[in-house]
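Below you'll find the structure, written out as structure tokens, and then a few comments.
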Amino acid sequence: MARPNEEVAAVLQEYAGLLAITGQDAFKARAYEKAARAVAGHPADIGRLDEADLRQIPGVGRSIAGKITEYLETGRIPALEETRTQIPPGVRELVAVPDLGPRKAMTLHRELGVSSVDELAAAARAGRVRDLKGFGERTEAHILHGVELMRQAGDRILLDAATGIAGEIAAALREVPGCADCAPAGSLRRMKETVGDIDILVAARDPGPFMEALTRLPLAAETVVHGDKKTSVRTSAGLQVDLRVLPPEAWGSGLLYFTGSRAHNVRVREIAVRHGLKLSEYGLFDAETGKPVASAAREEDLYAALGLPWIPPAMREDRGEIAAALRGELPGPVTVDDLRGDLHTHTDLTDGVASLEDMAAAAARRGYSYWAVTDHAPGLAMQRMTDEKILRQREQLRALARRHRGMRLLHGAELNIDEHGGVDWPAEFLAGFDVCVASVHSHFGLGRREQTRRLVRACENPHVHIIGHPTTRRIGRRPGIDADLDEVFAACARTGTALEINGSPHRLDLRDEDILRARRYGVRFAVDSDAHSTAELDQVRYGVGTAQRGWLTTDDVINTWPPARLRRFLRKDRARAD
DNA sequence: GCCGTTTTCGGCCCGACTGTTTTCAGTCG
């Protein structure tokens, strides 16, 4: 059973959203939001905490602790259910449209009866939105554009959500007697940034019990297909889950086939055809006789039978991986185990939910050789950072270092790149940090030349080591800024500035195609979690998946390097001597 | 609704930007 923290956080978040829409005390809504974040990021399983323990979580007081207990015991919160009856479910979805907040969503519902994103799009297209008080033609156009953005992400879900659901299903299916193996395949296994449906593969003699088990899972709201070879269900959120069961001797060929991508499979099958063979999900066969020519139990053996090394799933996109493999030049991509540290994390000094001590301890538990805390700099006004606060944190960190002999504690900051490419602090002050990440958090609408210029200038700053989430896109919410990335890549290579691969599943920035391009310039990368809680340190797995999709090796990724080599890189001017 | 080496009441996450306004509401990071 998964930790209930996420489920409770979602319920609190929903309540916060409803309170905001109903126009109640904004501070109350914010209090629930804060509690939701704290619960999601709380290291302990809240299902094991009593009310007094719950109140120890920052942001959780008497009222919220009571509601959490109520929910854990009965699965319900009457106050929430009461509020739900006032707002149709579709209205809450409206705030997912960029530029639409709770107030406008409520106005649209009250004045036009809009209660879903589809109805909103229809009203905007019909020109009925522009006449509302506080709205206008431009707002109407923004709304349509926002809906379009959401549609582009389509019904696809983010990698972390897909990973969670697939993990839950796989765990349940592994409990079914006769299960020899079970794993997610498809775009999830390839670590694509979003996942359209979930493919699960099982190795077993008798498919029946697995098909049955899938349809009986609590999250299976509806059965779409129920057969011997394949069963599909849909979750209440509309996500389709496909289950295939194959005999154990076809596990490898099944995994290969259902992992895809389709384009990669076509290429592999072409090679088989050239060898007079036929590759399917059931194995590798002689095209003439139909006799199996290789063991199909493992992917490795099938690739080998075709003269290929095993190709990591994240690289199976028909982007030249097969040609590279045939030449013996396929890079061995970076793995989570290769990471020796994390260079972008936050604490509760700014918008994180865990203390410096807890974050350091969690990083140490991951076995890191080094770890950087990089809280927000003063330019992001809402975080209220000051020189005094960051210097006090530095002292705390230095003191804490005595408790972490095996892990080097680096003091850093996440600077804000202003519209001209400047950052928050002057050089003398920046020189006091061990590592500086610089990120864009404002002025998303500048023109291409200005955006390029500010990023290049940030690279040229000798105290900026890493450009954080370089395009600043939010998947399904906001496109990246319009900059000439090639010029930025060249500047990074020239100045010895690393580009971040931000592991937050909402960002995954840089994205895979841009990484492939950037590495040709000789750019180095940092795969970071951007964790705002101890649990989020694990987000590096999605960053690593993205790095693999960009063919990066340990040599490309600075936080796989031993401390001495990293230290040389952080002395920026001498980085190219490496 | 939460929280307290300035407070058990009165603060809380501030400032910029956008579009719709004619002084400001709403949204975002």
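The sequence lines fix the lettering, A, B, ..., with proteins before strands; numbering per chain opens at 1.
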- request: Check the distance between B/dC9's P and A/Phe27's CZ and give it to me in whole angstrom.
  value: 19 Å
field: A/His469 and A/His441 aromatic centres sub-6.0 Å
entry: yes
- prompt: Can you check side chain to side chain donor-acceptor pair (under 3.5 Å) on A/Asp509 and A/Asn502, steps first, answer last?
  reply: CA-CA 5 Å; A/Asp509 184 15; A/Asn502 188 295; over 6 Å; no
- prompt: What integer number of Å spans the C1' atoms of B/dC17 and B/dT21?
  reply: 15 Å
field: For A/His344, the option from A/Ile466, A/Asp530, A/Val435, A/Val540 that meets side-chain contact (heavy atoms from CB on, under 4.5 Å)
entry: A/Asp530
- prompt: What's the closest nucleotide to the A/Ala31 side chain, out of B/dC12, B/dG1, B/dG19?
  reply: B/dG1
- prompt: Do A/Glu450 and A/Arg454 have side-chain heavy atoms sitting under 4.5 Å apart?
  reply: no
- request: Dump the intermediate steps for side chain to side chain donor-acceptor pair (under 3.5 Å) on A/Asn559 and A/Tyr370, then the final yes or no.
  value: CA-CA 9 Å; A/Asn559 54 319; A/Tyr370 42 85; over 6 Å; no
- request: Provide the distance between the two C1' atoms, one in B/dT27 and one in B/dC13, to the nearest whole Å.
  value: 14 Å
query: Taking atom P of B/dC2 as reference, at what distance in whole Å does atom CD of A/Glu51 sit?
result: 11 Å
query: Should the pair A/Arg524 and A/Phe569 be classed as cation-pi, given the thresholds of under 6.0 Å to the six-membered ring centre and 45° from the axis?
result: no
field: Residues A/Glu414, A/His346; criterion side chain to side chain donor-acceptor pair (under 3.5 Å); working and verdict
entry: CA-CA 9 Å; A/Glu414 183 181 13; A/His346 296 270; 3.1 Å; yes
query: Cationic tip of A/Arg507 within the cone over A/Tyr542's six-membered ring, i.e. under 6.0 Å and within 45° of the normal?
result: no
task: Answer with base, sugar-phosphate or nothing: what part of the nucleic acid does A/Asp25 contact at a heavy-atom distance below 4.0 Å?
output: base
- prompt: OP1 or OP2 of B/dT18 less than 4.0 angstrom from a side-chain nitrogen or oxygen of A/His142, does that happen here?
  reply: no
- request: Determine the Euclidean distance between corresponding C1' atoms of B/dT6 and B/dG1; express it in Å to zero decimal places.
  value: 22 Å
message: Please give the distance between the C1' atoms of B/dC2 and B/dT8 as a whole number of Å.
response: 12 Å
message: Rounding to an integer number of angstrom, what distance separates B/dT20 and B/dC28 when you compare their P atoms?
response: 16 Å
task: Using Watson-Crick or G-U wobble geometry with both distances below 3.5 Å, tell me the partner of B/dT8, or none.
output: none
message: What is the distance, to the nearest angstrom, from the CG atom on A/Asn416 to the P atom on B/dG15?
response: 14 Å
message: So, applying side-chain contact (heavy atoms from CB on, under 4.5 Å) with A/Val544, which one of A/Thr560, A/Val557, A/Val336, A/Leu552 is it?
response: A/Val336
task: Produce a footprint string for nucleotides 22-29 of chain B: one letter per nucleotide, 5' end first; B if the base is under 4.0 Å from any protein heavy atom, S if only the sugar-phosphate is, - if neither.
output: ----SSSB
task: Quick one: list whatever passes salt bridge (charged side-chain N to carboxylate O under 4.0 Å, His left out) with A/Asp418, sequence neighbours left out.
output: none
- request: For DNA chain B, find the residues of residues 109-135 of chain A with a heavy-atom distance under 4.0 Å and give them by number; none if there aren't any.
  value: A/Gly134, A/Phe135
- request: Measure from the side-chain heavy atoms of A/Arg384 and tell me the nearest of B/dT20, B/dG1, B/dC14.
  value: B/dC14
task: Take the protein atom CG of A/Asp348 and the nucleotide atom C1' of B/dC12, then report the distance between them rounded to whole Å.
output: 16 Å
message: Rounding to an integer number of Å, can you tell me how far A/Ile68 CD1 sits from B/dG1 C1'?
response: 12 Å
message: Whole angstroms only, please: what is the CG-P distance between A/Leu18 and B/dG1?
response: 14 Å
field: Between B/dT18 and B/dT22 - C1' atom distance, rounded Å
entry: 16 Å
query: Would a 4.5 Å heavy-atom cut-off, applied to side chains only, mark A/Arg156 and A/Ser187 as touching?
result: yes
- request: Report which part of the nucleic acid A/Arg30 touches: base, sugar-phosphate, or nothing (heavy-atom distance under 4.0 Å, all strands).
  value: base
query: With respect to the phosphate group of B/dC17, does any side-chain polar atom (N or O) of A/His443 fall under 4.0 Å of OP1 or OP2?
result: yes
- request: Could you state the atom-to-atom distance from CG of A/Asp351 to C1' of B/dC14 in whole Å?
  value: 13 Å
field: Whole-Å gap separating P (B/dC3) and OH (A/Tyr32)
entry: 12 Å
query: Counting any heavy atom closer than 4.0 Å, what does A/Glu137 reach on the DNA or RNA strands: base, sugar-phosphate only, or nothing?
result: sugar-phosphate
